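For reference, the structure is listed below as structure tokens.
This one's a predicted model, so the numbers in the text were calculated from it and none came from an experiment. Order of the sequence lines sets the chain letters (A, B, ...), proteins ahead of strands, with each chain counted from 1.
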Number of protein chains: 2
Amino acid sequence: MPLYRDLKRDLTQRIAAAEWLPGGALPSEAALARHYGTAIGTVRRAVDELVAERIVRRRHGSGTYVTGHDADRLLFHFFHVVPREGGRRAPTTRTLAFRRARAAPAEARRLQVRPGAAVFRVRNLLSLDGRPVILDELVLPQALFPDLSKQILTGRGNTIYHLYHTRYGVNVLRTTERLRAVRAGTGAASALGVRPGSPLLQISRTALSYGDAPVELRESLVDTAAHDYFSDLGKPAA
Amino acid sequence: MPLYRDLKRDLTQRIAAAEWLPGGALPSEAALARHYGTAIGTVRRAVDELVAERIVRRRHGSGTYVTGHDADRLLFHFFHVVPREGGRRAPTTRTLAFRRARAAPAEARRLQVRPGAAVFRVRNLLSLDGRPVILDELVLPQALFPDLSKQILTGRGNTIYHLYHTRYGVNVLRTTERLRAVRAGTGAASALGVRPGSPLLQISRTALSYGDAPVELRESLVDTAAHDYFSDLGKPAA
DNA sequence: AAGTGGTCTAGACCACCAT
DNA sequence: TGGTGGTCTAGACCACTTA
């Protein structure tokens, strides 16, 4: 195992342990090299990989910072529904339901918790340009978000992943998604304003944090009458 | 503009010009450094980026090779439909139709050719485990694939992107895709063995080569009764 | 054994940012 | 102006592949 991987792992652990807060600066590369007793190039290799995984961001002349969750990051990395014509827009969210429940076996497996573990279930309706487009069902392990409530969810002025990060130290780094076409049930149809039986895009998302640990499940139903799911696979992180 | 970007651009052009063929070896990094009159580290930076864009592959102890299009690359980078339960499988393809046509305005725009330019239209039926799952409609600029014919398409023993690469020097590096849910028309329904009106996943793909030049359009209709579209966004190229 | 890519070092100089 | 990241160099040594 090369030395820069050791540095990377140590830095990742220290970031995950909130030694540096979201938006905060890491020590300079020279300082890290002194601390670890390595050449500066080795530190740079480690930081290069953290940058590629979007755990940190470099700012030339300024420093290296722990990546936070702002609206831009949500829009470009985690929100893949775009208008068929025209540019990306940020969604507005309305929380329709919030309740405590127990993890079903399939959910427990995907979240890597034991079956029956305490979870929160959240139903959100997302609108673009004032029209409802996405119906989300979230499943969150209570162990990671101990005091979550509908008030906390709706009171946030920022994105939900920003809330996870700043209030609970849960940093969503990437997601895996599976998509399929389904017929709208009556509940989804009325929420989205489409006829029952209309084709909808269903997205099953698992949100992952450090070490690909799953932290959130999300089932989305998308009305693709005027919107598409945009996928840009194979593009280097840049 | 840093020096290693110049090297990268020059290497990319030489690869695109088929100075080294798919599967062929580049000169060693030491030889490239001598040729360009730079340090070996600068060559490595350039090659690092070519690797990230999957233009070349390094093999430790052996050399650096122009990436070819084999079945594995197709499966892992360009074929995103997977069984809901169970692992990835390679599809079998049957060509249903092949004809010459003119590019419609929207197609011409996406392919960056003039409206009315000569194109080929290909209809393929893809099966997994012997059951039809995907109906593909390809649009290919004749300028890039001058002598393409149904015989050439069906006679190939390899993937279609392998054919593009080896016969026409067209190397598909990545794709962008837009997905939506639609109702099956009668033609697609009978080809896929579903009832008309069933929900299908529609995928609009643009395949891109060097410099993100578009080389192929593909409209896919996927029966997602037992398969999903798998999307792993945000994962570093690794 | 020879040649290749992979890691690590040590240092110089530059471009950019904050003050 | 001082500190930060970005580029480039030159060389040593290691790990792996090939023959």
Side-chain angles (χ1 to χ4, degrees), chain A residues 1-12 14-15 19-68 70 72-73 236-238, chain B residues 1-12 14-15 19-68 70 72-73 236-238:
Chain A
M1 184 70 75
L3 183 52
Y4 69 85
R5 298 263 188 201
D6 289 344
L7 299 204
K8 178 190 172 189
R9 188 183 310 109
D10 191 68
L11 288 169
T12 302
R14 294 169 74 183
I15 292 166
E19 182 168 336
W20 306 289
L21 297 179
L26 265 58
S28 74
E29 296 177 345
L32 288 172
R34 282 194 301 273
H35 174 264
Y36 289 113
T38 69
I40 203 170
T42 302
V43 171
R44 285 189 59 79
R45 297 278 311 245
V47 175
D48 281 345
E49 297 205 343
L50 297 180
V51 169
E53 295 175 26
R54 300 203 198 84
I55 293 172
V56 302
R57 274 182 53 193
R58 286 200 178 99
R59 286 184 222 160
H60 190 177
S62 169
T64 302
Y65 300 83
V66 178
T67 311
D70 56 11
D72 280 355
R73 189 181 185 194
Chain B
M1 183 70 75
L3 183 53
Y4 69 85
R5 298 262 187 203
D6 289 344
L7 300 204
K8 177 190 173 190
R9 188 183 310 109
D10 190 68
L11 287 169
T12 302
R14 294 170 74 183
I15 291 166
E19 182 168 337
W20 306 289
L21 296 179
L26 265 59
S28 74
E29 296 177 344
L32 288 172
R34 281 194 303 275
H35 174 264
Y36 288 114
T38 69
I40 204 169
T42 303
V43 170
R44 284 189 60 79
R45 298 278 311 245
V47 174
D48 281 345
E49 297 204 345
L50 297 180
V51 169
E53 296 175 26
R54 300 202 198 86
I55 292 172
V56 301
R57 274 181 54 195
R58 287 199 177 99
R59 287 185 222 159
H60 191 178
S62 170
T64 302
Y65 299 83
V66 178
T67 310
D70 57 10
D72 280 356
R73 188 181 185 194

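- In this structure, the salt bridge (charged side-chain N to carboxylate O under 4.0 Å, His left out) partners of B:Glu49, at least two apart in sequence or on a different chain, are B:Arg5, B:Lys8.
- Every residue meeting the side-chain contact (heavy atoms from CB on, under 4.5 Å) condition with A:Asp48, not counting sequence neighbours, appears here in chain and number order: A:Arg58.
- When rounded to the nearest whole Å, the span between OH of A:Tyr65 and C1' of D:dG5 equals 10 Å.
- Between A:Arg57 atom CZ and D:dT4 atom C1' the separation is 15 Å, expressed in whole Å.
- One finds no side-chain N or O of B:Ser62 lying less than 4.0 angstrom from the OP1 or OP2 phosphate oxygen of C:dG5.
- When the shell of 6.0 Å around CZ of B:Arg57 is examined, it contains 12 or fewer heavy atoms from other residues, nucleotides or ligands.
- With sequence neighbours left out, the side-chain contact (heavy atoms from CB on, under 4.5 Å) criterion links B:Val66 to B:Ile15, B:Trp20, B:Leu26.
- With sequence neighbours left out, the salt bridge (charged side-chain N to carboxylate O under 4.0 Å, His left out) criterion links B:Arg14 to B:Asp10, B:Glu19.
- Atoms CG (B:Leu32) and C1' (C:dT4) sit 12 Å apart, rounded to a whole Å.
- Partners of B:Ala30 under the side-chain contact (heavy atoms from CB on, under 4.5 Å) rule, at least two apart in sequence or in another chain, are B:Ser28, B:Arg34, B:Ile40.
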N/O contacts under 3.5 Å, protein versus nucleotides 6-14 of chain D?
| unit_1 | atom_1 | unit_2 | atom_2 | d |
| --- | --- | --- | --- | --- |
| D:dG6 | OP2 | A:Arg44 | NH1 | 3.0 |
| D:dG6 | OP2 | A:Arg44 | NH2 | 3.1 |
| D:dG6 | OP2 | A:Arg58 | NE | 2.9 |
| D:dT7 | OP1 | B:Tyr4 | OH | 3.0 |
| D:dT7 | OP2 | B:Arg45 | NH2 | 2.9 |
| D:dC8 | OP1 | B:Leu3 | N | 2.3 |
| D:dC8 | OP2 | B:Leu3 | N | 3.3 |
| D:dC8 | OP2 | B:Tyr4 | N | 3.2 |
| D:dT9 | OP2 | B:Ala39 | N | 2.9 |
| D:dT9 | OP2 | B:Thr42 | OG1 | 2.4 |

